[in-house]
Amino acid sequence: MSARKDNPRSADTAGLDFVRTIVAEDNAKGTYGGRVATRFPPEPNGFLHVGHATAICLSFGIAQENNGTTNLRFDDTNPTTEDTSYVDAIQKDVRWLGFEWNNGVLYASDYFDRLYEMAVQLVQDGNAYVDSCSEDEIREMRGTVTTPGVPSVYRDRSVEDNLDLLERMKAGEFEDGAHVLRAKIDLAHPNMKMRDPLLYRIRHAHHYRTGDDWCIYPMYDFAHPLSDAIENITHSLCTLEFENNRAVYDWLIDNVDVGEARPRQYEFARLNLDYTVMSKRKLLRMVEEGHVDGWDDPRMPTISGMRRRGITPESIRLFCDLIGIAKADSRVDIGKLEYVIREDLNQKAPRVMCVLDPLKVVITNYPEGESEELEAPLYPHDIPKEGSRAVPFGRQLYIERSDFAEDPPKRFFRLAPGREVRLRYAYFITCDEVIKDDAGEIVELRCTYDPDTRGGSAPDGRKVKGTIHWVSATDSVAVEVRLYDRLFKVANPDDAAATSGTDFTGFLNPQSRVTIAEARLEPAVADAEPGCHFQFERLGYFFTDPVDSTAGAPVFNRVVTLRDTWAKIAPAKEKLATGQAARTDEPSAGDAPAEQRRRIKRSKSEARDGIRATNPELAQRYERYRDELGLSTEEADVLTGDMSVAGLFEDALAVHDDAKAVANWAVNELSRHFDGGKADGLQFGGAELGALVALVASATISRKTGKDVLAIMVSEGGDPGAIVVERGLEQVTDAAAIEPVVEQVIAANPGKAEEYRAGRTGLAGFFVGQVMRQTGGTADPELIQKLVREKLG
RNA sequence: UGGGACGUCGUCCAAUAGGCAGGACACACGGCUCUGGACCGUGGAAUCGGGGUUCGAGUCCCUGCGUCCCAGCCA
């Protein structure tokens, strides 16, 4: 009925991201016969980071959802930076994230022979040539973004010469840089990537896999699309900065014999995360300059760093789902990462108690030399897991220094002189006396406990506002705890560096790691294995460091703090105690002398102005349309940018002599379908457009139907009158026919009707839309609106 | 600047080919609680600006502004 059915978007794509939408449409259309083959193509010259995780989740995820395949292909075309250790690390990271690739591990370097043959073919077809200019000359002659490049004197070498030279390049007859192989495309192309891109360069270097077999290596622009084709990839997903490279990608697929393969490249926005940096180059510097301990430093946004910190693969995948995928540059709030980590670990991590900054407490009414064991559950009531451990209690305890205040601020529920609090899973205690040293520093609290509150509740029903964690002074063990915090003290280190003209390393957070040498841990988990998660109650989630923990001496990494609503209320000062840096405000970028650069980019209108300046016929029509036909300057402008458009317009006028109406349709509805500003690619002519406008003008069809009919004309051609008759699209203007539909829609949506009557008149659009839908767009919307108002008014 | 892309709550992502601007995080308030956790409830909060087309525009047309990418023999 409507054009919808003929629409390529026949798949249900609601809510899908744009890549999944494309894949669903391809499946619906049968572009690849329902096959989905993606690939993840890291270069083995560094470690994977969270940004890669989003790419991995996307490419592997889409394949999984569509019963497709994903290849892991190392893009190892640059022998000077790549190394086998990275190959191993990357595989480990991908697997750890929970993905398994198809077809074994693949390498671009495995295709070197075939790629070379393809290069030979390009040369034979006259599509590539050997350029013997120096690197500087090539750069010089490439031009700039505003000026075209110029061909090198070698551009027109004969096929024979090129073949000979290429062969000798391969044979190792030349020094590095003596020659390069370039695609022969267009030195004046507005897209810099298309100015005869380099295909091969000479590099007498040892490749970690092919050894010294080759001394010429393919460039990314050449190797990537053709590797995709060799593997018969369908959807090749990469980040936005490769948008310009897509032209080269498509050019190669078109100009090299790749059989049936028709891989297509799609680009999505790369991830930026607050308080960290994400470029491999910068991460490498962090490692090499010793700002962190290595690629797997728990502060690094690398997969290995996150793994060592204790972030689970489930959280990372959840994170990727949470932030989604789109084409807009974005910067994700670090809070989202913290959220997914808590979400996951809340369910998994057993609870134990650890005191990071111990303050001694003596229970004066507890018998000297005695102790007892209390049973404490490992999980809270709302986590469906069983288990408990024994916690020793005695006369001497430690509590968190920040859980005591001599002079408590408002809403401080913890311990203070004369106040009673609950020791988690144990007894109520009351603080009687504060002991200080000569310097006035609090060194000990003397408290009394209420023996009747064993287990944490009072038989007399009295309540305490605060519960604090604690450990036995005599039975707890000293452990090393590392408190990790954001790596940088500003949200956007790159931006801060740029606006201040300094290096990004100047914004490192000196508190990103605070090591506590002797925290006090309850004995039950004193010999925790490496690689285990715990929640230290009231503090956060911790993970036994898999590298530095030794048997019987675990080292704990703080993965993330607990959400802390008290921290928001409390004065920001004492946060150092928990290593949580106060959120530093960013240096305002507004002070920078913002360069007011005038933009002289030509608008479409200006382009058409230029065309009319050299085409008197169009210029004359512009005047005539505006002055004699009474069109607005905007309409006259759009219609006179090309003869095919002006011709179409006038042909339409010959059928339906209402310039204003025809212009309206041509400009607002049809112009978007003009190909390159020309109307001659259309499957119909001006006469059909005129006929369509006439149908609408005579109220034979509604304007909405008119648009549907136009859509059909655009996709299949045809005569509007015939389309209307064929599909029964005549407009219904009879109130008696529409009224029952209106009533039915109102009856079907009593709640909405109520809201409308209550004043939410914006719902009129909803009711009109519903009726339009029910009538297949044939009802007169103005009439519907009138009826809706009457019925609900 | 030539070309390519992108602008929706503070943040990230939606809105079925024009028809109720929605979700999550964050935030605020309240409830519950032996973790100031978790959980539950409530609330504020956005279509970059200006014109136009339409009964109706985030979505279509014109225009202005802003941001990102490209001038490696890196990927």
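Heavy-atom basis, side chains included; hydrogens, waters and symmetry copies ignored. Sequence lines set the chain letters: A, B, ... in the order given, protein chains first and strands last, and positions in each chain run from 1.
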Looking across every strand, which nucleic acid part, if any, lies under 4.0 Å from [X] by heavy atom: base, sugar-phosphate, or nothing?
X: V768(A); value: base
X: T77(A); value: sugar-phosphate
X: L763(A); value: base
X: K280(A); value: nothing
X: R411(A); value: base
X: S279(A); value: nothing
X: T144(A); value: base

Should [X] and [Y] count as an ion pair when the cut-off is N to O under 4.0 Å?
X: R462(A); Y: E420(A); value: yes
X: R608(A); Y: D637(A); value: yes
X: K660(A); Y: E635(A); value: yes
X: R139(A); Y: D136(A); value: yes
X: R270(A); Y: E241(A); value: yes
X: R342(A); Y: E338(A); value: yes

Answer yes or no: is there a donor N or O on one side and an acceptor on the other, between the side chain of [X] and the main chain of [Y], under 3.5 Å?
X: R424(A); Y: I468(A); answer: no
X: D76(A); Y: S109(A); answer: yes
X: R331(A); Y: A491(A); answer: yes

Rounded to whole angstrom units, what separation is found between the [atom1] atom of [X] and the [atom2] atom of [N]?
X: N664(A); N: U54(B); atom1: CG; atom2: P; result: 5 Å
X: Y379(A); N: U35(B); atom1: OH; atom2: P; result: 18 Å
X: L198(A); N: C73(B); atom1: CG; atom2: C1'; result: 5 Å
X: D494(A); N: U67(B); atom1: CG; atom2: P; result: 17 Å
X: E400(A); N: U35(B); atom1: CD; atom2: C1'; result: 13 Å
X: Y217(A); N: A75(B); atom1: OH; atom2: C1'; result: 16 Å
X: D12(A); N: A14(B); atom1: CG; atom2: C1'; result: 14 Å
X: L792(A); N: C55(B); atom1: CG; atom2: P; result: 21 Å

Residue-phosphate contact under 4.0 Å: [X] side-chain N/O, [N] OP1/OP2:
X: K568(A); N: C27(B); result: yes
X: T81(A); N: C74(B); result: no
X: R201(A); N: A75(B); result: yes
X: R331(A); N: U67(B); result: no

[N] to [M] separation - [atom1] atoms, rounded to the nearest Å:
N: C13(B); M: G51(B); atom1: P; value: 29 Å
N: C70(B); M: G22(B); atom1: P; value: 38 Å
N: A14(B); M: C6(B); atom1: P; value: 12 Å
N: C25(B); M: G64(B); atom1: P; value: 41 Å
N: G44(B); M: A17(B); atom1: P; value: 30 Å
N: G4(B); M: G41(B); atom1: P; value: 49 Å
N: C27(B); M: C69(B); atom1: P; value: 31 Å
N: A57(B); M: C61(B); atom1: C1'; value: 12 Å

Exercise for the section: Check the angle between the aromatic planes of F767(A) and Y756(A) and answer parallel, tilted or perpendicular using the 30° and 60° thresholds. Expected result: perpendicular
Handout entry: Where the chi angle of G72(B) falls, syn if within 90° of 0 and anti if not
Key = syn
Practice task
Measure from the side chain of P380(A), starting at C-beta and using heavy atoms only, and say which of G37(B), C60(B), U53(B) lies closest.
Solution key: G37(B)
Handout entry: Listed nucleotide nearest any side-chain atom of L562(A), set A75(B), U11(B), G37(B)
Key = G37(B)
Practice task
Find which nucleotide of RNA chain B each of D329(A) and P781(A) is nearest to by heavy atoms, and output the residue with the more 5' nucleotide.
Solution key: P781(A)
Practice task
Let me know, please, whether E782(A) or G324(A) comes out on the 5' side of the other along RNA chain B by nearest nucleotide.
Solution key: G324(A)
Handout entry: F534(A) ring center near F542(A) ring center (under 6.0 Å)
Key = no
Does [X] get its side chain close enough to the base of [N], under 3.5 Å, for a donor-acceptor pair?
X: R414(A); N: G36(B); result: yes
X: K193(A); N: G3(B); result: no
X: N244(A); N: G3(B); result: yes
X: K752(A); N: C20(B); result: yes

Problem - Ring-base stacking, F413(A) with G36(B) (5.5 Å, 30° cut-offs) - result: yes
Exercise for the section: Compare all side-chain heavy atoms of L181(A) with those of F222(A) and state whether any distance is below 4.5 angstrom. Expected result: no
Practice task
Find out whether Y220(A) and F242(A) are in side-chain contact, i.e. whether some heavy atom of one side chain is under 4.5 Å from a heavy atom of the other.
Solution key: yes
Completion exercise
Its dot-bracket string being built from Watson-Crick and G-U pairs below 3.5 Å, with | for another strand and [ ] for crossing, RNA chain B has the pattern .((((((..((((.....[..)))).(((((.......)))))....(((((..]....))))))))))).....
Any N/O pairs under 3.5 Å between the protein and nucleotides 44-52 of chain B? List them or say none.
{"from": "G52(B)", "atom 1": "N2", "to": "N668(A)", "atom 2": "OD1", "distance (Å)": "3.1"}

